[in-house]
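Down below is the structure, laid out as structure tokens.
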2 protein chains.
Amino acid sequence: MNTRPSTTQQRIDQMVAKLKAHDCRITPQRLAILRILAAGEDHPSVEMVHERVKHEFPTTSIATVYKTVHLLKQINEVVEIAFPDWSNRYDGGKPFPHPHVICIRCRKITDPKLGFLKNMTAQVAAETGFDIVEYRLDFFGICADCKEKEGPTKEELT
Amino acid sequence: MNTRPSTTQQRIDQMVAKLKAHDCRITPQRLAILRILAAGEDHPSVEMVHERVKHEFPTTSIATVYKTVHLLKQINEVVEIAFPDWSNRYDGGKPFPHPHVICIRCRKITDPKLGFLKNMTAQVAAETGFDIVEYRLDFFGICADCKEKEGPTKEELT
DNA sequence: TTGTTATTGATAATGATTCTCTTTTAATAG
DNA sequence: CTATTAAAAGAGAATCATTATCAATAACAA
């Protein structure tokens, strides 16, 4: 839906540029939050981001993290992975829709490479008459690590 | 992931049978809720279900609807379509994972037929090492009706 | 019909997120 | 470098969908 993968530093620079383009200020707290989200690998929750930011800036309020994440979501610089039961998780590494694979035991979230989904949205648009602006594709299951730890399990949700 | 589409009455019967198999009682309120969910077409929220049930049983508490929906979710007889901003929506017509197309203007939810997604989960399992138990695929956009009403719109989320 | 126990209904509690408001500070111009 | 000013931070209250609690009721098996 737009840019290619890039280094964390490039992503930080992109986010900063986008924020400046929207007349937003770059505060130290905000930059710390950007750095954590730009890494992208672990898809943290707001609370997880807050914990890490506090190492650098111990007085940071969780409201500040919420506000920054919300702002980044508005300007399409972070992808929100929302859940009904758990806290939402955020991906600042790839700020465009992409699939996720989510372990329902340890809640690890990873980005699979799924070539067969090319022009999925175009096909859906053609079949439904919708203008598709976004999609969400999440697979839920048990990751290899958790399978190993606890033995065989199907029907986790039964 | 299991059964084929069926009539509303068949779906109601399936749900009742599943509930009985789990030693759950079939109360009149519950049956009314089942009937609404089994129709499936409009993917209602709990509040919408509650409104309709009250026509038949005016004293029905919304807690009862929440409890019944939660129960049906547990036994895999209803699919939950959860949103961070809106109320969750429910599909009792096809109680197995399937894609949805969601209008971000009028919030209409429909079930597209997308043949190209066959063995999607098998491919993801092969590529990630996960045991996939479930998936969620939602497309967000502007439906044909809303496009017509309000003229051209891309970048709805920008 | 009766007894057991799940369910109902009303309301309180929860928990993630957002809002409010005062204080602080980033960004800019002089 | 300093002053200006509007945005952002921080703390806590408010919100809202959903869940939990619990006494009263009713399904259903015997």
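In what follows, every chain begins at residue 1, and chains take the letters A, B, ... in the order their sequences are listed. Worth knowing before you read on, the calculation uses all heavy atoms, side chains too, and leaves out hydrogens, waters and symmetry mates.
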Using OP1 and OP2 only, check whether a side-chain N or O of [X] sits under 4.0 Å from [N].
X        : N       : value
Gln29(A) : dT25(C) : no
Thr27(B) : dT7(C)  : no
Ser61(B) : dT8(C)  : no
Asn88(A) : dT17(C) : yes

Between Asp145(B) and Lys108(B), does the salt bridge (charged side-chain N to carboxylate O under 4.0 Å, His left out) criterion hold? Intermediate values first, please. CA-CA 10 Å; Asp145(B) 288 350; Lys108(B) 180 170 48 195; 3.3 Å; yes
Pick the nucleotide of DNA chain D nearest each of Lys20(B) and Thr64(A); which residue has the one closer to the 5' end? Thr64(A)
Outermost DNA chain D nucleotides near chain B [under 4.0 Å, heavy atoms]: dA17(D) to dC28(D)
Those residues at least two apart in sequence (or on a different chain) that pass ring-ring contact (aromatic ring centres under 6.0 Å, His included) with His100(B) are His43(B), His98(B)
With a 4.0 Å cut-off on N to O distance, would you call Glu56(A) and Arg35(A) a salt bridge? yes
Is Arg136(A) close enough and on-axis enough to Phe83(A), meaning under 6.0 Å and within 45°, for cation-pi? yes
Among the candidates dT20(C), dA10(C), dT8(C), find the nucleotide nearest to the side-chain atoms of Lys67(A). dT20(C)
Mind checking Pro58(A) for me? I need base, sugar-phosphate or nothing, with any heavy atom below 4.0 Å counting as a touch. nothing
Is Ile62(A) touching bases, backbone alone, or none of the nucleic acid, heavy atoms closer than 4.0 Å? nothing
When the nearest nucleotide of DNA chain C is assigned to Arg30(B) and to Asp85(B) on a heavy-atom basis, which residue is associated with the more 5' position? Arg30(B)
